[in-house]
Amino acid sequence: MSTLSEKQISEKLKDLDGWQFNDNAIHTKLEFEDFKETFSIMTRIAFEAEAQQHHPEWTNVYNTLSISLTSHDAGGVTEKDFKMAKTIESIIDTE
Ligand SMILES: C[C@H](O)[C@H](O)[C@H]1CNC2=NC(N)=NC(=O)C2=N1
């Protein structure tokens, strides 16, 4: 899959709340009630990531979760990253 241009990325970011582009990836930082809720969401994201064969780079500290998405195979941001970001948003919205 081919990488998106910076212009395409900023257009697509308009459909996503709280995501930014820098360092060749799209990023968000989320905050939840407590560790249990955060890790439960991470588990759901993990199953979806496996299904899409597209895995986040992430850091969890207690109730915060920082996520970066990039397509290593392609060397930049692709549609796969936006698909995963949308999936993450839909998982969060059902909480
Ligand atoms: C073979 C396998 O599908 C690839 O290595 C996948 C796995 N998960 C991946 N996840 C992410 N975020 N980027 C990739 O380029 C990627 N490649």
Side-chain angles (χ1 to χ4, degrees):
M1 188 168 292
S2 59
T3 58
L4 300 169
S5 69
E6 273 200 54
K7 195 175 165 200
Q8 288 172 312
I9 292 166
S10 45
E11 264 316 298
K12 294 180 82 62
L13 281 174
K14 290 177 185 168
D15 299 337
L16 286 168
D17 228 25
W19 289 76
Q20 295 99 38
F21 171 71
N22 58 61
D23 292 333
N24 223 22
I26 54 172
H27 313 266
T28 195
K29 186 167 182 180
L30 307 164
E31 197 171 315
F32 303 102
E33 199 59 31
D34 53 21
F35 178 70
K36 189 177 172 183
E37 190 193 358
T38 309
F39 206 87
S40 145
I41 284 164
M42 290 174 74
T43 304
R44 295 172 62 194
I45 293 171
F47 278 102
E48 283 300 326
E50 197 54 20
Q52 291 181 24
Q53 278 297 295
H54 204 65
H55 304 90
E57 294 173 34
W58 57 11
T59 306
N60 157 240
V61 179
Y62 179 48
N63 67 335
T64 65
L65 177 61
S66 300
I67 304 177
S68 300
L69 298 172
T70 190
S71 299
H72 304 280
D73 300 356
V77 174
T78 66
E79 293 286 353
K80 288 187 84 172
D81 299 299
F82 280 95
K83 185 174 184 212
M84 192 65 220
K86 287 272 183 203
T87 300
I88 290 167
E89 290 299 312
S90 71
I91 289 170
I92 291 159
D93 288 346
T94 61
E95 280 296 314

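Start at 1 and go down the list; that is how both ligands and their atoms are numbered. Everything numeric here is computed off the predicted structure, so don't read it as measured data.
Taking 4.5 Å as the limit, every side-chain heavy atom of D81 sits out of range of all side-chain heavy atoms of L4.
Side-chain atoms of N63 do not come within 3.5 Å of backbone N or O of T38 as any donor-acceptor pair. Between the side chain of Q53 and the backbone N or O of E50 there is at least one donor-acceptor pair closer than 3.5 Å.
To the nearest 0.5 Å, the span separating CG on L65 from CE on M42 amounts to 5.0 Å.
Around ligand 1, the residues contributing at least one heavy atom under 4.0 Å from the ligand are Q53, H54, H55, T70, S71, H72, D73.
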### Verdict with reasoning, M1 to D73, per side chain to side chain contact (heavy atoms under 4.5 Å, CB included)
CA-CA 8 Å; M1 188 168 292; D73 300 356; over 6 Å; no
Exercise answer: donor-acceptor pairs, residues 14-22 side-chain atoms, under 3.5 Å, sequence neighbours excluded:
{"residue": "K14", "atom": "NZ", "partner": "E11", "partner atom": "OE2", "Å": "2.8"}
{"residue": "W19", "atom": "NE1", "partner": "E89", "partner atom": "OE2", "Å": "2.8"}
{"residue": "N22", "atom": "OD1", "partner": "H27", "partner atom": "NE2", "Å": "3.1"}

